[in-house]
Amino acid sequence: MVAADPRRRRSDAAVAARSVAVLRAPAPYDLVRTLSCGQAFGWQCEGMSAARVFAGRRVSLRQCGEEITVAGLDDEVALLRLRHYLSVDDPLAEIEATLLKDRVLRTVIPETSGIAILRQDPWECLVSFIISAFNNIPKIELTLGKLADRFGETGQDGLRMFPTAEALAAASPRALRACVLGYRAPYVRAVARLVARGGLDLNEPGLAPYDEARRMLLALPGVGEKVADCVLLFAYGKGEAFPVDVWVKRAVERRYFDGRTAVERRYFDGRTQSERRIREFARERFGRLAGYAQQHLFTYARSRPRRSSGVTAAGARQRTPRSPRSR
DNA sequence: ATTCAGGTGCGAG
DNA sequence: CTCGCACCTGAA
């Protein structure tokens with residue numbers, strides 16, 4: 001329910017005279033965890049609050065129990081978009097209850113509960129994850145910010161929105177380079193030109209089943225298995241997607257490879273498994289909830305410091321100091 | 001100064 | 001099809 005309440009105003013000058021609305025987010029929904037766990041870029045989170053440019057406005061969110069206060073969005077359409085984006089209607093309690101049956105997630109989810117898989121804009125999500133390849137988060141956000149500043153349309157208050165495919169297609173290679181895209185610049189440019197000239201309709205992957213949608217994205221320059229799965233999951237809502245990045249790869253190898261069940265053995269007969277193998281394992285094991293499983297594993301793996309960098313000359317056999325309860 | 005960071009595209013075996 | 005390697009670039 002979107003309940004606009006123009007009577008409530010903050011004294012803060014920056015947000016004064018802005019409308020305030022409330023979104024209902026049933027437990028265990030966790031706003032900040034959802035926005036800061038790495039599936040979306042650019043959200044500034046602090047405490048129970050998060051802020052970012054959304055729909056051309058500076059939007060501020062704050063969660064209090066099962067309510068999310070929205071400041072900065074004035075119209076219903078934008079609020080509905082935000083509501084959809086945040087996936088506040090995903091049945092998280094049910095999803096987590098199901099995943100809790102897994103012997104590994106049983107110990108992971110208590111630490112990561114409340115994450116929802118977002119429904120981002122496909123174009124922005126696609127470009128963001130192309131840029132994420134072999135890159136680090138601060139620099140990814142730096143690049144995205146520069147792209148918006150330089151090529152984005154001007155929204156309210158002079159804020160820059162994420163640039164359209166047309167705008168990026170028209171950008172010179174040199175101008176793109178100035179946004180510190182590095183060697184990814186040609187990829188972004190090529191994809192922008194393709195989308196801008198109608199060579200790829202970004203609605204299509206959303207209408208196609210997972211495998212077919214995946215093939216469409218893999219055909220794009222700069223889009224490999226991992227990036228394709230990220231976009232399928234974070235923008236198109238394809239729950240079967242299980243993006244395998246270095247963190248998830250490590251987590252799965254460590255937490256499931258040592259397992260004893262026949263199903264796991266079938267997939268894990270070696271030491272280091274290929275990303276494809278891990279993906280297939282996850283899809284069979286978690287089905288439509290693979291994406292949720294991935295995000296919990298990813299967040300959990302990243303939340304704790306890498307285990308002792310006991311990097312000795314002979315590639316120290318990684319002793320896994322896992323706690324007894326995780327068996 | 002060296003190394004690392006949320007992969008991808010390529011050539012080779 | 002799997003494997004190994006180079007790769008823009010800012011920050012530690």
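Naming convention: chains lettered A, B, ... in sequence-line order (proteins, then strands); numbering from 1 in each chain. None of these values were measured; they are calculated from a predicted model.
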Mind calculating the distance between [atom1] ([X]) and [atom2] ([N]) to the nearest angstrom?
X	N	atom1	atom2	result
A/L233	B/dG6	CG	P	18 Å
A/N135	C/dC8	CG	P	13 Å
A/I278	B/dG7	CD1	P	13 Å
A/I140	B/dA5	CD1	P	13 Å
A/K249	B/dA5	NZ	C1'	17 Å
A/F129	B/dA5	CZ	C1'	15 Å
A/Y183	C/dC8	OH	C1'	7 Å
A/L181	C/dG10	CG	C1'	14 Å

Establish, with yes or no, whether the OP1 or OP2 oxygen of C/dT2 is under 4.0 angstrom from a side-chain nitrogen or oxygen of A/R277.
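Indeed not, no polar side-chain atom of A/R277 lies that close.
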
Does A/R302 put a side-chain nitrogen or oxygen below 4.0 Å from OP1 or OP2 of B/dG6?
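Yes, such a contact exists.
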
Looking at C/dC8, does its base get a donor-acceptor pair with the side chain of A/R184 below 3.5 Å?
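Donor-acceptor pair under 3.5 Å: yes.
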
Under the 3.5 Å rule, do the base of B/dG9 and the side chain of A/Y187 count as making a donor-acceptor pair?
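Between B/dG9 and A/Y187, which were checked side chain against base, a qualifying N/O pair under 3.5 Å is absent.
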
Would you mind telling me which of B/dG7, B/dA5, C/dC8 lies closest to the side-chain atoms of A/V246?
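The closest nucleotide is B/dG7.
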
Checking contacts here: which listed nucleotide (C/dC7, C/dT9, B/dT8) is nearest the side-chain heavy atoms of A/K139?
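Nearest to the side chain of A/K139 among the choices is C/dT9.
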
How far, in whole Å, is [M] from [N] if one measures between their [atom1] atoms?
N	M	atom1	answer
B/dG6	C/dT2	P	25 Å
B/dG11	C/dC8	P	16 Å
B/dT8	C/dA11	C1'	23 Å

First of A/P138 and A/F134 reached from the 5' end of DNA chain C, by closest nucleotide
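The residue mapped nearer the 5' terminus is A/F134.
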
Above 12 or not: heavy atoms from other molecules or residues under 6.0 Å from CZ of A/R81?
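12 or below, so no.
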
Have a look at [X] and say if it touches a base, only the backbone sugar-phosphate, or nothing, with a 4.0 Å heavy-atom cut-off.
X	answer
A/I130	nothing
A/F298	base
A/R276	sugar-phosphate
A/L220	sugar-phosphate

With a 3.5 Å limit on both atom pairs, tell me what C/dC3 is paired to, counting Watson-Crick and G-U wobble, or say none.
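Partner of C/dC3: B/dG11.
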
Among residues 221-230 of chain A, which contact DNA chain B at a heavy-atom distance under 4.0 Å?
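Of all residues in residues 221-230 of chain A, the ones placing a heavy atom under 4.0 Å from DNA chain B are A/P221, A/G222, A/V223, A/G224, A/E225, A/K226, A/V227.
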
A/T164 and A/E153: side chain donor to acceptor below 3.5 Å:
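No donor-acceptor contact under 3.5 Å links the two side chains.
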
Got A/V53 and A/R160 here, is their nearest side-chain heavy-atom distance under 4.5 Å?
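A/V53 vs A/R160: side chains apart.
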
Are A/I115 and A/L99 connected in a single hydrophobic cluster, I mean Ile/Leu/Val/Met/Phe/Trp/Tyr linked by side-chain heavy atoms less than 4.5 Å apart?
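Result: no, two separate clusters.
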
Short N-O contact, A/E225 and A/R279, less than 4.0 angstrom:
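Yes.
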
Could you tell me whether A/R283 and A/D229 make a salt bridge, using a distance below 4.0 angstrom between a side-chain N and a carboxylate O?
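Judged by the 4.0 Å cut-off on N to carboxylate O distance, A/R283 and A/D229 do not form a salt bridge.
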
Identify which one of A/F129, A/F41, A/Y85, A/Y292 satisfies the ring-ring contact (aromatic ring centres under 6.0 Å, His included) criterion when paired with A/F234.
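Going through A/F129, A/F41, A/Y85, A/Y292 one by one, the ring-ring contact (aromatic ring centres under 6.0 Å, His included) with A/F234 is satisfied by A/F129 alone.
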
In a check of side chain to side chain contact (heavy atoms under 4.5 Å, CB included) between A/L86 and each of A/V70, A/L35, A/T34, which one passes?
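The side chain to side chain contact (heavy atoms under 4.5 Å, CB included) with A/L86 is passed solely by A/L35 among A/V70, A/L35, A/T34.
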
